[in-house]
Protein chains: 2
Amino acid sequence: MMGPMPQPPAPRKTTGRPARISRAEILRTALRIVTDEGVDRLTMRRLASEVGSTPMALYHHVRDKEELLLLLLDDYAAQHLRRPPAPPTDPRERVIAAATAIHEVLAACPWAVEVLTADDLMSTSALWFVEQIVDGLTVCGLSLESAVHGYRAIWYYTAGEIVIRATAARRRAADDRPTYRDRVFADLDPDELPRLAEVADRWAPLTAQDTYAEGLTALVNGLLTRGD
Amino acid sequence: MMGPMPQPPAPRKTTGRPARISRAEILRTALRIVTDEGVDRLTMRRLASEVGSTPMALYHHVRDKEELLLLLLDDYAAQHLRRPPAPPTDPRERVIAAATAIHEVLAACPWAVEVLTADDLMSTSALWFVEQIVDGLTVCGLSLESAVHGYRAIWYYTAGEIVIRATAARRRAADDRPTYRDRVFADLDPDELPRLAEVADRWAPLTAQDTYAEGLTALVNGLLTRGD
DNA sequence: ACCTGAACACCGTTCAAGT
DNA sequence: ACCTGAACACCGTTCAAGT
C-alpha cells in the first residue's frame, strides 16, 4: 500500500510572502483532473495552469509528482475509508469485511493504480483495516507472523485484482481493436489445450465477471486451514 | 497476462529495399537495455541509436512502444517458460506447479511489470500453463466456470505479488530515505492498533520474506474446498 | 519497402531572479 | 517565503521526402 502524509501540511509561518495557492487547493484540483480525465492527463504543467499558477509554484508545496500522487491517494482514502460503526464479531468475517472495504474504495479510483504499486503500506486511514485483518487472522488461531503473511497475501490478491482490472478497462477504452486475447482464443488447438478450447467462447464474459469476493473467501478460508 | 505476437514477423517480401534492421535485432537490443538498466531507460530514441538507426525506423517494425514491450515479454516468455517433461499427476499439485512456473519466470523480469498489467492474457507460451491450472482445478471437482474464476484469482494473486515486490524493490534502489511505512510504524498507538504495534519492529523483515508459495497453497486449498 | 530529417506537441525539473 | 520566466534535457509520434 502507500504512505501517510509525507509531511504534515507544512507549519505555515506568519513571516514572508502570503501563499497564493495551498496544498489543499492543489490536491483538490489534481483530484478533479484525475477523476474527470484519468491519471495520464495529470501533468505538473496542466495542474499549474488549472490552479492559475506556474509549474514551479507547485514544487513549493510538494516535493515532486510522485509525492503529489501519494498525497492524492492519502487524501482520497482519508475521506472514503470510513470505519463501520460495528465491525463483525466473527473474526473471519472481520477479515473479509476489512479487505472488502479497502477493495471497494480502491476499485473506485483506478487512477490510484500507479500509486498502489509504489509502496507497500497504505495511508494511515487504512491502518485500522490492516489491524482488523491481522487481528482477525490471529484470533482465528494464526501466529502473529502468519497473520502478517496472511495479510500480505490478501493485499497481493486485492492489489492485483484492482491493477489488472483497471488497466484492462483503460485499454478497452483507448482501443477498439479486438484484444490479443480474442485472437489467441479464436484458434486454439483443442488437442493441445482442451480445457481452454472448451471455454474459449465463454472466456471474455467469464473473466469480465466480478469474482473478487469469491476469491477472497477462498483465500481467507485457505489461510485459516492447516495445509496438507 | 498479455498477448501473443500481435503480428507474425511480417511476411518479408523480396521486393523493395532490403531491411537494415530486423524485429529480432530490435528486440534483442531492447531486452539488453531493459535488463541492464531498467525499463525506464528504454526509449524509442535510445533504442534506435543502439541499433544504429533512427527512431522512425523502429516504427516500421513495431506499431508503437506498447507493442514493443508486449513483444519483448512474449519473446522472453517463449524462451524461459519451458514445460516440465512430466507435470505432477496429482491435479492440485499440477495447479501449484503451473502457477509457480509462471511466477518464477515473471519474477525474474521486473521490467515486465508494466506489460503484465496491460492485458489479461499471457503470451502463447504461457497458455499451456493456464491450461494446466484450469484442468487441475476441474479434475479436482470444480465446474469449468469456477475453474476459470479460480485461475483468475490465482493470476490476481501472482501478478499482485510480482508488481508490488518489483515496485518496492525499484523504490528502495532509487531512494534511500526511510520509507513512509517506517515512519508510520515508528509511532503507532498501541491502544488503537494493538496488533500492528506488537509487530511494528518485525514488520519490515516479515514482509521482506518470500511467502508466495504459502499464499498460493492457501488460495488453491481454499478454491478446492466448499466454502461455508 | 524501408529509412531519414525535421518538426510537433509535449514532459518533469533546475536555476537564477524577482517581490 | 513564495512565486516567476526561461531554460535544460528529454519524450513518443507524425509527416513529407528520399532511395
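If you're wondering where the values come from, they're calculated on a predicted model, not measured in any experiment. Note on naming: letters A, B, ... go to the chains in the order of the sequence lines (proteins, then strands), and numbering restarts at 1 for each one.
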Participant: Report yes if a side-chain nitrogen or oxygen of B:H61 is closer than 4.0 Å to either non-bridging phosphate oxygen (OP1 or OP2) of C:dC3; otherwise report no.
Facilitator: yes
Participant: When you look at A:L127 and B:E192, which way does the side-chain contact (heavy atoms from CB on, under 4.5 Å) test go after all the steps?
Facilitator: CA-CA 10 Å; A:L127 285 182; B:E192 259 245 294; over 6 Å; no
Participant: Tell me: CG of A:L58 to P of D:dA1, nearest whole Å?
Facilitator: 19 Å
Participant: Testing the 3.5 Å rule here: is there a donor-acceptor pair between the side chains of A:E214 and B:H149?
Facilitator: no
Participant: Should the pair A:Y151 and B:W203 be assigned to parallel (<30°), tilted (30 to 60°) or perpendicular (>60°) ring geometry?
Facilitator: tilted
Participant: Write down the distance between CZ (B:R46) and P (D:dA9), rounded to a whole number of angstrom.
Facilitator: 17 Å
Participant: Roughly how many Å is it from NE2 in B:H60 to C1' in D:dT13, rounded to a whole number?
Facilitator: 14 Å
Participant: Check the distance between D:dT4's C1' and A:R20's CZ and give it to me in whole angstrom.
Facilitator: 10 Å
Participant: Hey, which of these two, B:S53 or A:K65, hits DNA chain C nearer its 5' end, going by closest nucleotide?
Facilitator: B:S53
Participant: I'd like to know whether B:Y212 forms a side-chain hydrogen bond (donor to acceptor under 3.5 Å, both in side chains) with B:T100, so could you lay out the CA-CA distance, the side-chain angles of the two residues, the decisive distance to 0.1 Å, and finally the verdict.
Facilitator: CA-CA 9 Å; B:Y212 174 77; B:T100 304; 5.4 Å; no
Participant: Just the table, please: protein N/O against nucleotides 5-8 of chain D N/O, every pair under 3.5 Å.
Facilitator:
none

Participant: To the nearest Å, how far apart are A:I21 CD1 and D:dT4 C1'?
Facilitator: 12 Å
Participant: For C:dA9 and D:dC10, measure between their P atoms and round to the nearest Å.
Facilitator: 22 Å
Participant: Rounded off to whole Å, could you give me the CZ-to-C1' distance for the B:R23 and C:dA1 pair?
Facilitator: 16 Å
Participant: Report the stems of DNA chain C as range-with-range entries sorted by first number; a stem here is at least three consecutive pairs, Watson-Crick or G-U wobble, both distances under 3.5 Å, and write none if there are none.
Facilitator: C:4-8 with D:12-16, C:12-16 with D:4-8
Participant: If I take atom CG in residue B:L68 and atom C1' in nucleotide D:dC11, what distance separates them, rounded to the nearest angstrom?
Facilitator: 15 Å
Participant: Could you tell me the separation between the OG1 atom of A:T43 and the CD1 atom of A:I33, rounded to the nearest 0.5 Å?
Facilitator: 7.5 Å
Participant: Would you mind reporting whether B:I154 and B:V95 have side-chain heavy atoms less than 4.5 Å apart?
Facilitator: yes
Participant: What heavy-atom pair brings B:E67 and B:H61 nearest, and what distance separates the two atoms?
Facilitator: OE2-O, 4.4 Å
Participant: Name every donor-acceptor pair, under 3.5 Å, that has one atom in a side chain of residues 48-57 of chain A and the other anywhere in the protein, sequence neighbours excluded.
Facilitator:
residue : atom : partner : partner atom : Å
A:S49   : OG   : A:R46   : O            : 3.1
A:E50   : OE1  : A:R32   : NH1          : 3.3
A:E50   : OE1  : A:R32   : NH2          : 3.0
A:E50   : OE2  : A:R46   : NE           : 3.0
A:E50   : OE2  : A:R46   : NH2          : 3.4

Participant: For a quick test of reading the model: is some side-chain N or O of B:T43 closer than 4.0 Å to OP1 or OP2 of D:dC10?
Facilitator: no
Participant: side-chain contact (heavy atoms from CB on, under 4.5 Å), that's the test. Do A:L216 and A:H103 meet it? Break it down for me.
Facilitator: CA-CA 10 Å; A:L216 175 64; A:H103 178 259; over 6 Å; no
Participant: I need the CG-P distance between B:D40 and D:dC11, as an integer number of Å.
Facilitator: 11 Å
